[in-house]
Amino acid sequence: MLATFVAQKLTDLLMGFPNKFNATQIAEKWYAYWLANNYFHSTPDSRKPYTIVIPPPNVTGVLHMGHMMNNTLQDVLIRRARMLGLNACWVPGTDHASIATEAKVVQKLADLGVNKEDLSREEFLKHAWDWKNEHGDIILDQLKKLGCSCDWNRTKFTLDDSMTASVLQVFVDLYERGLIFRGYRMVNWDPEAQTTLSDEEVVYEEKKGKLYSIEYRVVDSNETVIIATTRPETIMGDTAVAVHPGDERYTHLHGEKVIVPIVNREIPIITDTYVDVEYGTGCLKITPAHDENDKMLGDKHNLEFIDIFNPNGTLNAEGLHYKGKDRFDARKLVVAELKSSGKLLEIKSHTHKVGLSERTKAVVEPRLSDQWFLKMEELAKPALLAVEDGTVQLFPKKFINTYRHWMTNIRDWNISRQLWWGQQIPAYYYGPGKQDFVVAITKEDALEKARKKTKNPSLKGQDLRQEEDVLDTWFSSWLWPISVFDGIRFPENEEIQYYYPTQDLVTGPDILFFWVARMLMSGYSFRNQQPFQNVFLTGLVRDSQGRKMSKQLGNSPDTLALIEKYGADSVRVGLLLSSSAGNDLLFDESLCQQGKNFANKIWNAHRLIQNWEIDDSRPQDATAKQTLIWYKSKFQKELNLVNDHFSKYRISDALMCIYKLIWDDFCSWLLELIKPAYGIPIDAQTHAELIDIFENNLRLLHPFMPFLSEELWHNITDRTKEEALVVSSWPTASEIDNHTLSVFSHTMEMITSIRSIRKQKNISTKVPMQLLETSSQAEYYENVISKLANINSFQVVTDLPQQSLPFRVGTAAYYLPFSVENPDEEIAKLKEELNYQKEFLVIVQKKLSNTRFVDNAPEQVVKIERKKETDTIEKISQIEQQITKLQR
RNA sequence: GGGUCAUUAACUCAGUUGGUUCAGAGUGUCGCCUUGACAGGGCGGAAGUCACUGGUUCGAAUCCAGUAUGACCCACCA
């Protein structure tokens, strides 16, 4: 026994194809080969382009599950497009991610004992670029491990000179169109990164907090009013107390003043219908500098604005003796002071939503400040229309509603950030304050403009001060599909004309507004055309318990370890098997195992084909010939399905079709039928056709499992053919032989039924099969049944055998002549089935005797019902005969 | 508070215009098999009141209304 085993293993080794393979080796080998042959590189030519721009991952990023999902999908699409003969171009790149990267660099410097404040802008940026040059390509290298076939020669970075040039051009252009302006507004302030954030960069989380009731004494009176607040530390910034004008409890206090505790400032009681009478005491403190709604009231009632915070979230001089304390420490201290002075009446627990900075997780502070804004309303119009009229299609469609809602309620975009890592805003101040400025791409242009504007030709370069702020990261990425082809600086260049608009965009719904919507706006604004035709929105990758993957929970698998363990092909399959468009996917590692099993199955099928001994002199085996004819049609049928799935972005359905085609139809049916008896060589004709078929399987498989398919493509034969699978062609559709398909399918069902009876009755010998000559019959392939169901003869009989085991496929009845050991049991079974059929007949006949059905239902449907009726009657008669036989 | 989507087998999900014997797939599970590609395998089986309640219809997993549960989006009341 051991000897045979060892002999087998030796044979394997000699043949060069052991029953296992090294996925990592294969991946490295072929990725290098593809790169060496420049297969991923695209230049404009006479073919139709198929373009995808990658959603640029942050340079700070490492490959997480979301990236893997996303980029696998893009790679599947781009590889298939390449095989379809399109000029496939996948533009890769990274995003400079200003806040995230700056935070990383600040942290790194801090670890070295260096404060950002001690560095000049230039010195800091040098550190930042060093960091980028060292770490920026990590994620791109990881994408290569996954097999992504990006055109790496085109790799872009949102802070590249060419990209920055586009950004500046756009800024100046929008400014000149009157869409960019400076404004003193309430913005979201991240006290940790010490910058503003756009509304989209604020994430709200439900937090348990406290609601404090504080007593304010009315001036020259013993009366008090009670206000409720979640932020008692902001009382230093209070400049009014508001009540509803119709609230009778406070009518007598209109026009009076109250004293703010601790600061002892007198502030007016104002009336405004904004105040909710029902809520709390109906009395509201107003802190115009630290709350959006309070600012609105402050503007309306001409209230004083008192800003009590420093940019880092500590209190400034307005905070009196709490000056320098952090806002949360100050809160505790203020509460303590109020408590000791008896002004604090009540503390209730209270859950409310708190805005957090998406990048730093710091609690966002509403803060009044001078910032740059972009007016969005006009820009949004064509972008909304494009989605509504179908010029741009969203998959899945459900996102259209969300999109519309956002686009019709769009607010101005705060585009300035108080950071250094990013594009510095090209605005130049020439006066003492920030009132007088010009906007220009270069300092020279700015100087010229400033001279004209001031009518002062002696103005010098050093009189200009460039705006310190940089632009929001998204202000460069919203131009991505245009700027990667230099389409803004050089609108007529060949590249942009050829590649734009791109075809598909694959990204997560979380950046639908951040990015997708804005790209649409910039596309229409700067090229009068949509930037892409289809947007495929993937779901979130969750863990098997449905939880979001996050660092805190530690439930996000190490992606590189997964690739290492299962191989990139298997991980891709694992991800894709469970990813329907737009729905979140619950990732379980077992899916990768399933992918690996599939890879192994294919590997071994190839090994079988490869190791067969071939006999040139033998004529083609009839069963094999028959089976090959069937498989070719089956393949065509599935190919059509796969193409259809692709057109609807049902990528996992497409993969499942291929999975079943290869595993079930190819391996379980075709190979089993073609396989000659042990020791007999295969005929050359069959083998050659088999290789053709296997190659076609590999073509279908390639977009999903690029590495393994490429490896087998080169292993399987040395005939002349396309040089590599990656640049070979996707199978083309051809005729389907429906007759063969249906006969084969009937045959397969018969085989399954016979096997089932064999299992039940524990029959392992060869048996004959009988059928009544009077019975209606379907076509089937005897040789196939003989081989796979161990049937040795097919007898047509005039009378039902006395003792037999019947089975039925459709309406065709067949019998295995066996003595029935326990007729009663069989009769009982048959009677049960008889009852079912009779009941079914009643239902069908009831339907058919209903004139409303016959009159209203489409003819085809009625016809089908009539067929059901005749079929069922025939079945009933068969079963009754079988019962009668057994009863004798 | 406003809105969107979902709920189908143990799990993850399909189910297209309401109509095919429509209740499906993959995984898992159970039983049997195993020296000739693959135990990461083969063969066969079991498994669901389509969330619930009504309605429309000749006919509902599918359409409508309501309820429950969950997810997400938007806006936020101190």
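Worth saying up front: this structure is predicted, and the values here are computed from it rather than measured.
- When rounded to the nearest whole Å, the span between CG of A/Asp276 and P of B/G1 equals 14 Å.
- Listed by residue number, the members of residues 843-852 of chain A with any heavy atom below 4.0 angstrom from RNA chain B are A/Asn850, A/Arg852.
- Rounded to a whole angstrom, the distance from the C1' atom of B/U17 to that of B/C13 is 23 Å.
- Remark: B/U49 base-pairs with no nucleotide in the shown strands. Criterion, Watson-Crick or G-U wobble with two distances under 3.5 Å.
- Taking only side-chain atoms of A/Tyr279, from C-beta outward, the nucleotide of B/C74, B/C77, B/G40 with the closest atom is B/C77.
- Phosphate contact (OP1/OP2 of B/C5, side-chain N/O of A/Thr402, threshold under 4.0 Å): absent.
- Here B/G41 presents its P atom at 15 Å from CD1 of A/Ile662, a figure rounded to the nearest Å.
- Rounded to whole Å, the distance from CG on A/Asp584 to P on B/G70 is 16 Å.
- As rounded to whole Å, 11 Å separates atom P of B/C77 from atom NE2 of A/His352.
- Surrounding CG of A/Asn762 are at most 12 heavy atoms belonging to other residues, nucleotides or ligands under 6.0 Å away.
- Using a 4.0 Å heavy-atom cutoff across all strands shown, A/Tyr566 reaches no nucleic acid atom at all.
- Taking atom C1' on both nucleotides, B/A65 is separated from B/A60 by 15 Å, rounded to a whole Å.
- A/Phe598 and A/Tyr659 have tilted rings, their planes meeting at an angle from 30° to 60° on a 0 to 90° scale.
- Using atom C1' as the reference point in both B/U27 and B/U16, the two lie 25 Å apart (nearest Å).
- At whole-Å resolution of the value, CH2 in A/Trp603 and C1' in B/G41 are 17 Å apart.
- Note on A/Lys660: only backbone sugar-phosphate atoms sit closer than 4.0 angstrom, heavy atoms only; bases stay farther off.
- Nucleic acid contact for A/Gln837: base, since at least one base atom lies under 4.0 Å from a heavy atom of the residue.
- In a base pair of the Watson-Crick type (N1 to N3 plus N6-O4 or O6-N4) or a G-U wobble (N1-O2 and O6-N3), with each distance short of 3.5 Å, B/U27 is matched with B/A10.
- Each of B/A25, B/C58, B/C43 was ranked by its minimum atom distance to the side chain of A/Ser668; first place goes to B/C43.
- Relative to the side chain of A/Arg542, the nucleotides B/C74, B/C72, B/G19 differ in distance, and B/C72 lies closest.
- Inspection of the A/Asn19 and A/Asn604 side chains reveals no N or O donor paired with an N or O acceptor under 3.5 Å.
- Checking B/U57 for Watson-Crick or G-U wobble geometry (two distances, each under 3.5 Å) identifies no partner in any strand.
- Contact annotation for A/Asn293: backbone-only contact, meaning every heavy-atom pair under 4.0 Å involves sugar-phosphate atoms and none involves a base.
- Pairing for B/U62 is absent, with no Watson-Crick or G-U wobble pair whose two atom distances lie under 3.5 Å.
- Under 4.0 angstrom from either OP1 or OP2 of B/G15 there lies at least one side-chain N or O belonging to A/Arg650.
- Residue contacts shown for A/Phe598 are absent, as no nucleic acid heavy atom lies under 4.0 Å away.
- When the C1' atom is used for both B/G1 and B/G48, the distance is 38 Å, rounded to whole Å.
- Listed candidates were B/C43, B/U4, B/G41. Nearest to the side chain of A/Arg755 is B/C43.
- One atom, CE of A/Met407, and another, C1' of B/C74, lie 15 Å apart when rounded to the nearest Å.
- Taking only side-chain nitrogens and oxygens, A/Lys20 never comes nearer than 4.0 Å to OP1 or OP2 of B/G40.
- Checking B/A37, B/G45, B/G42 against every side-chain atom of A/Ser756, the shortest atom distance belongs to B/G45.
- At the heavy-atom level, A/Gln860 lies nowhere under 4.0 Å from the strands shown.
- Salt-bridge formation is not detected for the pair A/Lys847/A/Glu869: no Lys NZ or Arg NE/NH1/NH2 atom is positioned less than 4.0 Å from an Asp or Glu carboxylate oxygen.
- Rounded to whole Å, the distance from CD on A/Gln760 to P on B/C43 is 17 Å.
- Rounded to whole angstrom, the span from the CG atom of A/Leu577 across to the C1' atom of B/U27 amounts to 10 Å.
- Here A/Lys867 lies out of heavy-atom contact (under 4.0 Å) with every strand.
- Among the protein residues, A/Ile864 comes within range of the sugar-phosphate backbone only, with heavy atoms under 4.0 Å from sugar or phosphate atoms but none that close to a base.
- The side chain of A/Trp663 places an N or O atom within less than 4.0 Å of a non-bridging phosphate oxygen (OP1 or OP2) of B/G42.
- Under a cut-off of 6.0 angstrom, the local environment of CD in A/Gln760 is crowded, with over 12 non-hydrogen atoms contributed by other residues, nucleotides or ligands.
- One can find a donor-acceptor pair under 3.5 Å joining the base of B/C38 and the side-chain atoms of A/Lys601.
- Using atom P as the reference point in both B/A23 and B/U62, the two lie 14 Å apart (nearest Å).
- B/A6 sits 16 Å from B/G18 when the P atoms are compared, rounded to a whole Å.
- A/Cys283 comes within 4.0 angstrom of no nucleic acid atom, judged by non-hydrogen atoms across all strands.
- Distances shorter than 4.0 Å separate none of the side-chain N or O atoms of A/Tyr274 from OP1 or OP2 on B/A78.
- A/His350 and A/His352 have tilted rings, their planes meeting at an angle from 30° to 60° on a 0 to 90° scale.
- A/Phe646 and A/Phe704 have tilted rings, their planes meeting at an angle from 30° to 60° on a 0 to 90° scale.
- A side-chain N or O of A/Gln593 and one of A/Asn597 form a donor-acceptor pair less than 3.5 Å apart.
- Applying the Watson-Crick and G-U wobble criteria (two distances, each under 3.5 Å), B/G18 pairs with nothing in any strand.
- Residue-environment remark: NZ (A/Lys787) exceeds the threshold of 12 foreign heavy atoms within 6.0 Å.
- Around NZ of A/Lys761, the count of heavy atoms belonging to other residues, nucleotides or ligands within 6.0 Å exceeds 12.
- When both pairing distances are held under 3.5 Å, B/C38 makes no Watson-Crick or G-U pair with any nucleotide shown.
- Side-chain atoms of A/Tyr649 and A/Gln393 form no donor-acceptor pair, as typed in the model, at a separation below 3.5 Å.
- Side-chain N/O atoms of A/Glu749 and A/Thr752 include no donor and acceptor closer than 3.5 Å.
- Across the interface with RNA chain B, nearest-nucleotide mapping of A/Cys667 and A/Leu211 shows A/Cys667 to be the residue nearer the 5′ end.
- Partner assigned to B/G70 is B/C5, using Watson-Crick or G-U wobble distances below 3.5 angstrom.
- Remark: the separation of the P atoms in B/U12 and B/A71 is 14 Å, to the nearest Å.
- Rounded to a whole angstrom, the distance from the P atom of B/G26 to that of B/U69 is 35 Å.
- Among the protein residues, A/Thr752 comes within range of the sugar-phosphate backbone only, with heavy atoms under 4.0 Å from sugar or phosphate atoms but none that close to a base.
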